[in-house]
Amino acid sequence: MTTDGQSDPGQPETLAINGGVKLRTTPFPSVDNADGRTIGAEEREAVLRVLDSGKLGSVVGTETKTFEREFAALYGVPYATSTTSGTASIHVAVGAVDPAPGDEIIVPPLTDFGTVIPVLRQNAIPVFADVDPVTGILDPASVRSLITERTRAIILVHLFGNPAPMEEFVAIAREHDLKLIEDCAQAFLTEPDQNGKYAGTYGDIGCFSFQQSKHITTGDGGMVITSDDVLGQRMKLFVDKAWPRETGERTNLFLGANYRMTELQAAVGRAQLTKLTDVVARRREGGQRLASELEQIAGIRSASPAGGTFWQFPVLIDPAASGGTNAEWAAALAGEGIPVAAGYLPRPLYDTPVLTDGQTYGGTGFPYEGVRKYELGLCPVAERLIGETLLVVAWNENYTKNDVDDIAAAFWKVGASFAGGNGERP
Ligand SMILES: Cc1ncc(COP(=O)(O)O)c(C=O)c1O
């Protein structure tokens, strides 16, 4: 840009972080507020309907049961049980699998800690496998190499809405008689094979979150689904203190929890569910538009394979070819007003005090003290994604064509600057 505001041909525009003109000055729609949430009259009516009924709890009301039936129908499964969060959903799944203390459960290092908490809560041991260098999703070969006689389950995360390679994971689980838990907190309606079969229905249990930032939200909340009768019944019991209410007897069949969703949340969830297909379609449309733009920039590519549903928009950076690391790209893009973060997490999950310092049960390090050590170096591919190559653009169904174009333009601008003027937009 010249001082009169005109582009100087042949010269890259000065980046905003270096004193140039900021490309985008108005905020993008965000999942943190109404601009970026698909919430309207239907949800308002739902809340009032429940308040007027006087039935706010699921034991007496009908909304939660109906929400579960509607969710099960959408996913084509016989069992759906609502919960209080994504973390609770995974706890319910692990509780249904019923590991013995010291049993091992394989987990990814690049996910929300809610994927791992339930393993420790059931006194099982999280074993971190490495991930695919493009998608950040568990690598089947790494998972295979970590299976021992104590392995009971794999928790697979469909990260950012992107599908894991399910054929391979289903084969591993069958071969080794392991339960396969799919963490779909970020992956509503994700289609691993693009054939109408959704992530969450390939393994033994699918777990969902309705936390504020997810495709659809009830503030907090979750759902677990399965087609397995034993797991399905155990999960229904687990959320309600393992109290078999339908028998009329007040007793507790095993150690469960109270993870019952409220009627207010379920009523909102039902309204949200009717909008899910449209939300996913809009996220995909914008996502595919940005992906095709980024393909043309040296050293930059979308890390979303087909079948994904764009919870976020992950970008894979080749630092040498693009002229900067993920942190350098993130700083420059943020300077242009684009909502991005480098690496998704600041560190892999095994490098957090819970695990490195044994901050679990009274500081004892139980259940893994003396059994397993958590330290940097465990998963080098995940560490490279976090430290150098992964960039995450916040994504939203309410992005307009103009919003997506601004994001693309910012990538072009930063790319041109990092490449010394050789990366001008054609
Ligand atoms: C992949 C993944 N798993 C688990 C969770 C935990 O969900 P919640 O925050 O609803 O407990 C989240 C989200 O926050 C998540 O993104």
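When a ligand or atom number is given, it counts from 1 through the structure's own listing order. These numbers were taken from a predicted model, which means no experiment stands behind them. Only this structure's heavy atoms are used, side chains among them; waters, hydrogens and symmetry mates stay out.
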Among protein heavy atoms, which sits nearest to atom 16 (O) of ligand 1, and what does the distance come to when rounded to 0.1 Å?
Gln186 NE2, 2.8 Å
Atom 11 (O) of ligand 1 [closest protein heavy-atom partner, distance rounded to 0.1 Å]:
Thr87 OG1, 2.5 Å
Are any of the N/O atoms in Tyr344 less than 3.5 Å from those in ligand 1?
no
Test of understanding: given a 4.0 Å heavy-atom threshold, classify the contact between Ser85 and ligand 1 as side chain, backbone, both, or neither.
both
Using non-hydrogen atoms of the residue, decide whether Lys214 is closer than 4.0 angstrom to ligand 1.
yes
Which protein non-hydrogen atom lies closest to atom 5 (C) of ligand 1, naming both residue and atom, and how far is it?
Asp112 OD2, 3.5 Å
Could you tell me whether some N/O pair between Gln211 and ligand 1 is separated by less than 3.5 angstrom?
no
Atom 4 (C) of ligand 1: nearest protein contact (heavy atom, Å)
Asp183 OD2, 3.5 Å
Rounded to the nearest 0.5 angstrom, the CZ-OG1 distance for Arg260 and Thr84 is 10.5 Å
Protein contact to atom 7 (O) of ligand 1 [nearest heavy atom, distance to 0.1 Å]:
Gly86 CA, 3.3 Å
Check this for me - ligand 1, Ser209, N or O atoms closer than 3.5 angstrom, yes or no?
yes
Check this for me: does any side-chain nitrogen of one of Arg289 and Glu285 sit under 4.0 Å from a carboxylate oxygen of the other?
no
Run the numbers for me: atoms of ligand 1, each under 4.0 Å from some heavy atom of Val157, listed by number.
1 (C)
Using the ring of Phe254 (Phe, Tyr or Trp, six-membered ring only), decide whether Arg234 places NZ or CZ under 6.0 Å from its centre and within 45 degrees of its axis.
yes
Atoms of ligand 1 close to Thr111 [distance to a heavy atom under 4.0 angstrom, numbered from 1]:
1 (C), 2 (C)
Parallel, tilted or perpendicular, judged at 30° and 60°: which one describes the rings of Tyr399 and Trp395?
perpendicular
When rounded to the nearest 0.5 Å, the distance separating CZ of Arg283 from NE2 of His215 is 5.0 Å
Parallel, tilted or perpendicular: which describes the rings of Phe310 and Phe313, with under 30° parallel and over 60° perpendicular?
parallel
